[in-house]
Amino acid sequence: MNLSTSGQIPEKLLKPYDPVTEEPGIYTKWEQSGYFTPENMIKDGLTAPDAESFSIVLPPPNVTGVLHMGHAMMITVEDILIRYKRMRGFRTLWLPGTDHAAIATQSKVEKEIQKKEGKSRYDLGRDELLRRVNEFAQDSHDTIVNQMKVMGASCDWSREAFTLDEVRTKAVRTVFKKMYDDGLIYRGHKIVNWDPKGQTTISDDEIVYEARKATLYTFKYSKDFPIAISTTRPETKVGDVAVAVHPSDERYAQYVGKEYDIVFCGTPIHIKVIADDAVEKDFGTGALGVTPAHSVIDWEIADRHDLPRPQVINEYAKMTVGDERLLGKKVLEARDVIVNYLKEEGLIEKEEVIDQNVATAERTGGIIEPLPKLQWFIDVNKPFTLEHSDIDTIASGSQTTLKEIMRATVGTGQINIIPDYFTKTYFHWIDNLRDWCISRQIWYGHRVPVWYKGDEIYTGIEAPEGEGWAQDEDTLDTWFSSGMWTFSTLGWPEQTEDFKIYHPTSVLETGYDILFPWVARMILMTGYNLGTIPFKDVFLHGLVRDAQGKKMSKSLGNAMDPLEIAAKYGADAGRMALIIGTAPGTDSKISEDKIKGQKHFANKIWNITRFVLSNYSDESAGASLTADDQTLLDQWHETATKITADIDNYRLHIAAEEIYQYIWTTFADKILEESKPLLASEDAAVKQSRQRLLLTLLSETITVLHPFMPFVTETLWDMLPRPTTSFGQAPTNLLMTQPWPIKS
RNA sequence: GCGCUCUUAGCUCAGUUGGUAGAGCAGCGCUUUUACACAGCGAAGGUCGGGGGUUCGAAUCCCUCAGGGCGCACCA
């Protein structure tokens, strides 16, 4: 809707800005243009064919329901970067997708079925449960895509991926086989984190520690046993095989090496006294009852001392040994039984209440029961040969480890984490990293690509030929597939054009809370499979909290739905409110007041446009600027240059505030006010110069604002006469495809 | 226990490489034939958590103390 006659302004501009009626149509226009797809930009001459690529792969939201404000933050930041780079002339790809999120999705669906129908997954069976989960996942997916569109996400939907689809399945199986052949994936009988509620193993990163009070009991196994031990879990003591003391502890030195046979609460146990460095002299009595099967540290002590590992608790957290007092009892009941026994026998020396962190499962809330199980693991310390390497400190063909890859890529600065203090946190995590348990006893996810027939074992992309092969029942940790997200989404293992052009990706933008479970795993997977980095920059945003600083959650009732915000204030206002005042990596608070303020800002620009257009005439188009007007234009370009530098350096919060301030306090409050007499001037040169200046400033400021507030700026752009900027024009009517006002 | 981080105007927070402090909201006064009341103009408001150090100069760098938040841990 270009203007051809002076002073004529569109009807809708006479009323206040209404984002709700404008935004949906704008998104449709963008989508129909096809310009979210970089190849279409090139085809229409909007991006140079040899332009440098800029790519972001969307951290795939879990298909567990709806997007929350954290997602809104992620989408806003990424869309700002993408729209900016697109306008800067890069071959810009933002690739969207969703994550099947295995355990999170299955447990969510299981909970609903349990609640509504009173049935467990075993009542339904594998096929029926998967049918239900898939149905739920599809609904979630549709909701998520709709939410993203409402928020204005300019991603290339033609390339959308899913962590559990066919292409990604091939990538997963290819990687699994390669790691298996290299000996990095192994099957081992080891102590694992068992979730009795979810009936599955989980990795160390899926544990949430809850601070609780616990009673620490100090007692002896029997009257004539020489050493007292302390524990918060007396019920496990029927599984003890040793008492460990520190090698330098003189109090117990005389007992080391001796062995005792005891009947403990009706169960015969054989205890050997050993010395081990893992024991702390100052904790409790300085002597540790060793229960190899039900404690990680004890399992490791048993390794060093070649001790037996009797299992006394099963997958349902019930006792598997003892007489009628214990057998079949749940651990908490068994604890009472043992404590009563100790009291009756007069064996307790001390009871004290201590603070303790109880390990619980992230998704089900179940209390973790350490158990020995036969599971699949990734060995993070085993040396292997990296055939091809682009990693700075690791030569092609040299020996390395997965841990070393994770260290080297970040340590050399090849991968740059923003804010940089998270680099320390990252290294701290690697230092404490153990082998990664990747098999899960749930049904939703990538089935472990291993087949068994008698003693034969086969691993591959497809099931083996011939009769009698049975596939492993377990599925893979969801992070196994999302770890390869930057390249699986680009079609790997096929050597696709996309893969060659867009990988490594430019930026990985996500919340700092998944630095370990995801970002580190992506670095591991990419370094191992491709000998390169998955992304150059890691840009971490903080958590979004409510106005009181509380974490948003459905149960607290303080969660904000991005759709409701869009419906009330406009997506632009929500985006701007999320960005302004929010430093990278820092938690932020969002309130309705803050969003409302940005709605006012959108309206302000709307009103500025009304003023500029109603005072404009076409004969000003070629007018030369007066010295004063040229100065104002130059000053704006200085501001725009600074904003550009801030975006380039991920200071989006500053850039957003600068454009806000410029438009409101400089452009509207000062320049517009001072223009009133000039626009009424008898001197045509002065008047036309000012008219041209105002239209130029308006055009350029909404161009710079566009990545932040894409909807209102696109709506206004459509009303402006052209050409109106000092930096050239794209041959389309879409602001989204216009060149950025600052060149370098 | 190890590590990270925060403490700046009443509230919520910015402050890139050190150059005697900024925004939004709230609040105060004024303004309604004004592009915009989803507004404008004006005023007020901070010894930048305490202490010490480096420096010509510190909100910014170093040390220390206090309080909050978070992460990790083999938490018996």
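Sequence lines set the chain letters: A, B, ... in the order given, protein chains first and strands last, and positions in each chain run from 1. No hydrogens, no waters, no symmetry mates; every other heavy atom, side chains included, goes into these values.
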List, with names and distances, any nitrogen or oxygen atoms from the protein found under 3.5 Å away from nitrogen or oxygen atoms belonging to nucleotides 41-43 of chain B.
none

List the steps and the verdict of side chain to side chain contact (heavy atoms under 4.5 Å, CB included) for A:Trp436 and A:Leu402.
CA-CA 11 Å; A:Trp436 172 15; A:Leu402 295 175; over 6 Å; no
Tell me which residues in residues 225-234 of chain A put a heavy atom below 4.0 Å from RNA chain B, sorted by number, or none.
A:Ser230, A:Thr231, A:Thr232
A:Glu206/A:Arg363 ion pair, N-O < 4.0 Å
no
Value rounded to 0.5 Å, distance of CG in A:Asn607 from CZ in A:Arg610
4.5 Å
Could you walk me through whether A:Phe219 and A:Phe225 pass the side chain to side chain contact (heavy atoms under 4.5 Å, CB included) test, one step at a time?
CA-CA 10 Å; A:Phe219 64 93; A:Phe225 190 78; over 6 Å; no
Annotated protein contacts, base or backbone, on nucleotides 67-74 of chain B with a non-hydrogen cut-off under 4.0 Å, one of B, S, - each
----BBBB
Which value, in whole Å, describes the distance between the C1' atoms of nucleotides B:A43 and B:A26?
16 Å
Rounded to whole angstrom, note down the P distance from B:C25 over to B:G68.
33 Å
Does A:Trp299 reach a base, just sugar-phosphate, or nothing at all? Heavy atoms under 4.0 Å.
nothing
Assign A:Ala645 to base, sugar-phosphate, or nothing according to its heavy-atom contacts below 4.0 angstrom with the strands shown.
nothing
Please round to the nearest 0.5 Å and tell me the distance separating atom CZ of A:Phe708 and atom CD1 of A:Ile647.
4.0 Å
Return the stems involving RNA chain B, sorted by first number, where pairs are Watson-Crick (N1-N3 with N6-O4 or O6-N4) or G-U wobble (N1-O2 and O6-N3), both under 3.5 Å, and runs are 3 or more long.
B:1-7 with B:66-72, B:10-13 with B:22-25, B:28-31 with B:39-42, B:49-53 with B:61-65
For B:G18 versus B:A23, give the span between their P atoms, rounded off to a whole number of Å.
24 Å
Within the 4.0 Å heavy-atom criterion, would you say A:Val279 contacts the bases, only the backbone, or no part of the nucleic acid?
base
Most 5' of A:Lys642 and A:Ile580 on RNA chain B, judged by nearest nucleotide
A:Ile580
Does NZ or CZ of A:Lys190 fall inside the cone over A:Phe377's six-membered ring, less than 6.0 Å from its centre and within 45° of the axis?
yes
Step by step, would you call A:Glu657 with A:Arg651 a salt bridge (charged side-chain N to carboxylate O under 4.0 Å, His left out)?
CA-CA 10 Å; A:Glu657 193 154 348; A:Arg651 296 188 290 261; over 6 Å; no
So CD of A:Glu592 and NZ of A:Lys599: to nearest 0.5 Å the spacing works out to 12.0 Å
P-based separation of B:U60 from B:G49 [nearest Å]
8 Å
Contact nearer the 5' end of RNA chain B, comparing A:Glu657 with A:Lys237:
A:Glu657
As a test of reading the structure: which of B:A35, B:A23, B:C4 is closest to the side chain of A:Lys676, going by heavy atoms?
B:A35
Charged N to carboxylate O below 4.0 Å: is that the case for A:Asp431 and A:Arg407?
yes
Can you tell me how far CZ of A:Phe427 sits from CD1 of A:Ile417, rounded to the nearest 0.5 angstrom?
7.5 Å
Please name all residues satisfying side chain to side chain donor-acceptor pair (under 3.5 Å) with A:Gln375, sequence neighbours left out, ordered by chain then number.
A:Ser439, A:Gln441
Any donor-acceptor N or O pair under 3.5 Å, side chains A:Ser620, A:Gln688:
no
First locate atom CG of A:Asp648, then atom CZ of A:Arg88, and finally report the distance between them rounded to the nearest 0.5 Å.
5.5 Å
When all nucleic acid strands are considered with a 4.0 Å heavy-atom cut-off, which category describes A:Leu672: base, sugar-phosphate, or nothing?
base
Side chain to side chain contact (heavy atoms under 4.5 Å, CB included) with A:Phe516: of A:Thr425, A:Asp204, A:Ile430, only one passes, and it is A:Thr425
Distance col, row A:Phe539:CZ vs A:Leu81:CG, nearest 0.5 angstrom, shows 7.0 Å
Under 4.0 Å, heavy atom to any atom of RNA chain B: which of residues 591-611 of chain A qualify?
A:Asp593, A:Lys599, A:His600, A:Asn603, A:Lys604, A:Asn607, A:Ile608, A:Arg610, A:Phe611
Below 4.0 angstrom, N of the basic side chain to O of the carboxylate: do A:Asp587 and A:Arg545 qualify?
yes
Just to confirm, is there a sub-4.0 Å distance from OP1 or OP2 of B:A23 to any side-chain nitrogen or oxygen of A:Trp664?
no
